[in-house]
Amino acid sequence: MRGAVAAAWARAVTAGALPPLPEGTPTPGVEVERPADPAHGDFASNLALRLARPCRRPPLEIARALADALADGAPDASGRRLLGAAEAAAPGFLNLRLDDALIARQVDAILAAGPAYGRVASDEAEWFNVEFVSANPTGPLHIGNARGAFVGDSLSRLLEAAGHRVTREYYFNDFGSQIRELGESVRVARAGGPMDEAPYRGDYVLELAADAPDEVVREAEAPGGDAAWAYGAWASEWIRAGIEATMGRLGCHFDVWRSEGTLHRDGWIARGVERLRSSGDLYESEGALWFRSTAYGDDKDRVVRRSNGEYTYFAADIGYLVDKFSRGFDHLVYVWGEDHHGTVARVRNAAQALGYRPESVEMLLYSWVRFLRDGAPVGMSKRGGTFITLDELLDEVGVDAARWFFASRGHTSPLDFDIELAKRQAPENPVYYVQYAHARISSILRVAREKGLSAEGGDTTLLRDPIELGLARALLRLPEVVEDGAAAHEYHELTAYAQELAAVFHAFYRDRRVVDAAAPDVSRARLALVDAARQTIACALGLLGISAPESM
RNA sequence: GUCCCCGUAGCUCAGUGGACAGAGCAGCGGUCUUCUAAACCGCCGGCCGCAGGUUCGAAUCCUGCCGGGGACGCCA
């Protein structure tokens, strides 16, 4: 569509209907958007408004010239009509309407695409590494981890739909003192000691203590054995497996579980540091090794190796960068809580110093969610054990409702999530509104089958009235929602679209009867239409990891 | 102190340069003998935090201020 407008502009200039741009004027980009008001057509361009000043002509006059030029060249290369109408509107918008027959024909294309409808083939397919959650395995996932989990998985699904390849990755620390503290907590629990002396005090520590297998206990309690380490190593793996199970419940499966320990053992950290040293980005001072982050715009240099010889977390970040890029990714996405804001600059700087394109490293920071119960904030402390687990949240409000809640908000918005309110409003939640549309259509299809009617052989050229075409138009927007969302790394437009699509369907349902034994041809055409609608809703929900029930 | 995010309807949030600022929930009033009423229709509800500026046009961009959250240590 953008190309059609640009071509029309060129034709208008050649034909002398519009003056050429004066020398030295930057060419305005041709912008085409979906107007908010359907009366303004399927697409609209502000090109005339942008050309008014350089061309020294009234915008409306320019818009008229563009509309005329578009009408001249309406049939595309294959001779089909794309445009139904092109008209100028005050103050200078160019409103475009697709040809109705073309819209109706697309219903067949949607049905032919099947569940793959909405998936876009990208000209510039890239391989993304999306790293998210990455909570240390010192306790079960809690509601504080929820947003990162949903954000990361929803984004991954969207990128895949847009034709990219995605590796979902979870990074965890099985190396540092936190694991030792976890093990110590298990030891204290087994010894029946007072838990308020243990570093971690949640109920799950008691469960771990009770479930520790004999061989772990033998190793831990052996004379001269390192009890904290032995318990910690076992417990952290046990917890990690639990995290994997919780994520599986959300429909999220990580491709790679990367541990900081293996990063050290496999030499990635030393390798990364060495590369920075040879590129001259490191220096020693006060016995510590520093990265010259200020050379890349940071406000201070950053320590890589402490004076006691230990690598910092930042050093692990450096090694991890080298590790990730060595695996062939084009693009790294880090989904982090906003508390990581301070580490963004140094990691990107390190990537640049290592010779990677800075644009290929993206940090997606999400804002905190304030969890409430009947208006009162829910406290959260992993060490103190006073937290609500993600599993408990899912038990209470359900996977579909939770996924919708997080997917329908931009990740930079601070959110309030009232658990009691979410449960109480569950039936009114927009996610059920969308699912209901899917169930309703499924029901129509069932009824049709009982009456011997199906979409099979439906002639979509019979779809001509505005109600039918309005629904068909709504269906056609899915691919561009996917494309735009993936390009912007924003998925919440999908929820808005799904809701709107459901609303259009519900209105259609009110106004047009689908199954009518007296009019089998119309019935079959409309069955094709609603089946395409069902499929489109299922695709949109699928991209959000939400189920599409056949009945409710 | 420096930096980042946010401030839009009673509540939770979309909209981030275009055509009258939207949705859901909550509230009020209507609609089921007919493919699922978890639906539909109508009403109520906004100095888009405040003040300047840029623009043909600003909720959107710039500056300052106010309010909320967060980050800044050779910490992990």
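Quick note on labels: first sequence line is chain A, next is B, and so on, each numbered from 1.
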- Message: Under 4.0 Å, counting only non-hydrogen atoms across every strand here, what does A:A496 touch: a base, just sugar-phosphate, or nothing?
- Response: nothing
- What is the nucleic acid contact for A:G92, judged by heavy atoms within less than 4.0 Å: base, sugar-phosphate only, or nothing? nothing
- Task: Can you sort out the partners of A:F132 under ring-ring contact (aromatic ring centres under 6.0 Å, His included), two or more places apart, ordered by chain and number?
- Result: A:F254
- Message: Using atom C1' in both nucleotides, what's the gap between B:G45 and B:C11 to the nearest angstrom?
- Response: 12 Å
- Message: Counting only side-chain heavy atoms from C-beta out, which of B:A14, B:A39, B:A19 sits nearest to A:A89?
- Response: B:A19
- B:C74 versus B:G70 - spacing of their C1' atoms, nearest Å: 23 Å
- Item | Selected nucleotide, minimal atom distance to A:L49 side chain, candidates B:C35, B:C74, B:G18 | B:G18
- Note on the structure: Comparing nearest nucleotides in RNA chain B, the 5'-proximal residue of the pair A:F314, A:R513 is A:R513
- Can you figure out which of B:C13, B:G15, B:G70 approaches the side chain of A:R409 most closely? B:C13
- Task: Kindly point out which of B:A37, B:C41, B:C3 is positioned nearest to the side chain of A:H341?
- Result: B:C3
- Message: Wobble G-U and Watson-Crick pairs count when both distances are under 3.5 Å; given that, what is the 5' to 3' dot-bracket string of RNA chain B, with | for pairing to other strands?
- Response: (((((((..((((....[...)))).(((((.......))))).....(((((..]....))))))))))))....
- Query: Stacking here means centres under 5.5 Å and planes under 30°; does A:F93 stack on B:A19?
  - Reply: yes
- Message: Taking B:C47 as the reference, what is the distance to B:A59 when you measure between their P atoms (whole Å, please)?
- Response: 14 Å
- Is a donor-acceptor pair below 3.5 Å formed from side chain A:E310 to base B:C74, judging by atom type as modelled? no
- Whichever of A:Y433 and A:H340 has the more 5' nearest nucleotide on RNA chain B, that residue is A:Y433
- Task: Pick base, sugar-phosphate or nothing for A:K300, based on heavy-atom distances below 4.0 Å to the nucleic acid.
- Result: sugar-phosphate
- Message: Any side-chain N or O of A:H492 below 4.0 angstrom from OP1/OP2 of B:G15?
- Response: yes
Distances under 3.5 Å between nitrogen or oxygen atoms of protein and nucleotides 25-29 of chain B:
| unit_1 | atom_1 | unit_2 | atom_2 | d |
| --- | --- | --- | --- | --- |
| B:C25 | O2' | A:Q425 | NE2 | 2.6 |

- Item | B:A76 base stacked by A:Y313 (centroids within less than 5.5 Å, tilt under 30°) | yes
- Message: Can you tell me how the ring of A:Y171 sits relative to the ring of A:Y320, calling it parallel under 30°, perpendicular over 60° and tilted otherwise?
- Response: parallel
- Pair of N/O donor and acceptor under 3.5 Å linking B:G18 base with A:N46 side chain: yes
- Query: Under 4.0 angstrom, heavy atoms only, what part of the nucleic acid is A:R370 near: base, sugar-phosphate, or nothing?
  - Reply: nothing
- Whole-Å P distance, B:G24 and B:C66: 38 Å
- Task: Before giving the answer on side chain to side chain contact (heavy atoms under 4.5 Å, CB included), spell out for A:V514 and A:I441 the whole-Å C-alpha distance, their side-chain angles and the decisive distance to 0.1 Å.
- Result: CA-CA 10 Å; A:V514 176; A:I441 298 172; over 6 Å; no
Between the protein and nucleotides 5-9 of chain B, which nitrogen or oxygen pairs are less than 3.5 angstrom apart?
| unit_1 | atom_1 | unit_2 | atom_2 | d |
| --- | --- | --- | --- | --- |
| B:C5 | O2' | A:T412 | O | 3.0 |

- Atom of A:A528, atom of A:T460 and distance for their closest heavy-atom approach: CB-CG2, 4.3 Å
- On the ring face of A:Y509, is A:R440 found with NZ or CZ under 6.0 Å from the centre and within 45° of the axis? yes
- Which nucleotide sits closest to the side chain of A:R346: B:G73, B:A19, B:C13? B:G73
- Item | Distance, C1' atom - from B:G57 to B:C44, rounded to whole angstrom | 31 Å
- Item | Listed nucleotide nearest any side-chain atom of A:R510, set B:A23, B:C74, B:C41 | B:C41
- Between B:U12, B:A23, B:A39, which nucleotide has the shortest distance from any of its atoms to the side chain of A:Q499? B:A23
Taking distance alone, no hydrogens or angles, what donor-acceptor pairs closer than 3.5 Å link side-chain atoms of residues 541-552 of chain A to residues at least two apart or in another chain?
| unit_1 | atom_1 | unit_2 | atom_2 | d |
| --- | --- | --- | --- | --- |
| A:S547 | OG | A:D400 | OD2 | 2.7 |
| A:S547 | OG | A:Q435 | NE2 | 3.3 |

- Query: What does A:R526 touch in the nucleic acid at a heavy-atom separation under 4.0 angstrom: a base, only the sugar-phosphate, or nothing?
  - Reply: nothing
- Note on the structure: Taking B:C35, B:G70, B:A19 as options, the one with an atom nearest any side-chain atom of A:D339 is B:G70
- Contact check, residues 544-552 of chain A vs RNA chain B, heavy-atom distance under 4.0 Å, returns A:E550, A:S551, A:M552
- Item | Gap in Å between the two P atoms, one belonging to B:G29 and one to B:G18, rounded | 39 Å
- Task: Look at the side chain of A:I444 and decide which nucleotide, out of B:C72, B:C13, B:C35, has an atom nearest to it.
- Result: B:C35
- Query: Which of these nucleotides, B:A39, B:U12, B:A38, is closest to any side-chain atom of A:F405?
  - Reply: B:U12
- Query: If we take the C1' atom in both B:A14 and B:G53, what is their distance in whole Å?
  - Reply: 28 Å
- Take atom C1' in B:C32 and the same atom in B:G69, then report the distance between them in whole Å. 48 Å
- Task: Could you tell me how the ring of A:W257 sits relative to the ring of A:F172: parallel (under 30°), tilted (30 to 60°) or perpendicular (over 60°)?
- Result: perpendicular
